[in-house]
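Side-chain atoms are counted along with the backbone in the values below, which use heavy atoms only and exclude waters and symmetry mates. These numbers come from a predicted model, not from an experiment. All residue numbers refer to positions in the sequence shown, counting from 1. One-based numbering, in listed order, for ligands and for the atoms of each.
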Amino acid sequence: MEDRRKLNLLVILFLISANVFVWQALFNLGLNNSLEVMFFDVGQGDAVFIETPHGHQILIDGGPDSKILEKLAKEMPFWDKTIDLIILTHPEKDHMAGLLKVLERYKVEQILWTGIIRNTADYNKWQELIEKEKAKTTIAEASQKIEAGRVSFNILYPFESLEGEEFKNSNNTSVIAQLIFGNNSFLFTGDAAKSVEKKILSRCKEDVNCLLDSDVLKVSHHGSKTSTSEEFLREVSPKIAVISCGKNNPYHHPHQEVLKNLEKFDIKILRTDQNGDIKVTSNGIDYKVK
Ligand SMILES: [Zn+2]
């Protein structure tokens, strides 16, 4: 009798743990009806990980080094070594170097970038790795729309393909994209400067379908004063501004002028150097910050 009771207990414990595993697996498949946008604290650089309600995983930039691998390991289940889409906003070290590590470690299904040419060791490595990866590659151009279930990305910039053009500084070639899920929207701006913001604003004025209005703005160029003009902020009118920058970075990002402008418009400021990883979740109706 005693042995039988022990056996029963073991069976029950096994069933409970099996059940937990099933639930965990379901949860990891992303069947949780929410969109998660994670602004990783990768020091001085950008890396944003997005998981859609259908479980699509998207990575915008990879930060300056291998720190991205630790961050992804925390967000993705250990057996999941596939990323659906990588967006490289522009091939500068603080956005691209981490993606080289990701390409070496993960299977990447799709890549969206500008296809511009640069002359750096990291850039050559990027070219070599994406060729090896055999992912479906798309050259970013305004008016493209990427759909991932109920979530979509609208590409706003560059206006036309820059493929094959060479740039010494690629900040102003940054892919600018708006992520939309139901009522909620996020604007990703790479490192684009005020001159690009101006071009987008004037193009948007002529296009009735162009809506820059977004709940969350990834502040351009780590909060440098060369980006984030008042006119741009007025049009985007975000509730939350996320600044991705390193603690005590040598560029003194974010700049006081940008912080003041954000405060003037009553925009809540979140900073990776102060808040660490920042997660915004949306159910398509409203959003929450963690
Ligand atoms: Zn940057």
Problem set entry | Electrostatic pair Asp65:Lys67 at N-O distance under 4.0 angstrom |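 So Asp65 does not pair with Lys67 through a salt bridge.
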For this session: Run the salt-bridge test on Arg234 and Glu230 with the 4.0 Å N-O cut-off and return the result as yes or no.
Result: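 Yes.
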For this session: Without swapping roles, check the side chain of Asn283 against the backbone of Ser34 for a donor-acceptor pair under 3.5 Å.
Result: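 A pair under 3.5 Å: no.
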For this session: Look at the side chain of Arg118 and the backbone N and O of Lys168, then say whether any donor-acceptor pair between them is shorter than 3.5 Å.
Result: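 Side chain of Arg118 to backbone of Lys168, a donor-acceptor pair under 3.5 Å: yes, one is there.
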For this session: Output, by chain and residue number, all protein N/O/S atoms separated from the Zn ion (ligand 1) by less than 2.8 Å.
Result: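 N, O, S partners closer than 2.8 Å: Asp94 OD2, His95 NE2, Asp191 OD2, His222 NE2.
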For this session: Quick one: sort the His95 and His90 rings into parallel, tilted or perpendicular, breaks at 30° and 60°.
Result: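 Geometry flag for His90 against His95: tilted rings.
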Exercise. Between Glu70 and Lys101, does a salt bridge (charged side-chain N to carboxylate O under 4.0 Å, His left out) hold up when you go through it step by step?
Worked result: CA-CA 11 Å; Glu70 292 163 36; Lys101 308 287 175 193; over 6 Å; no
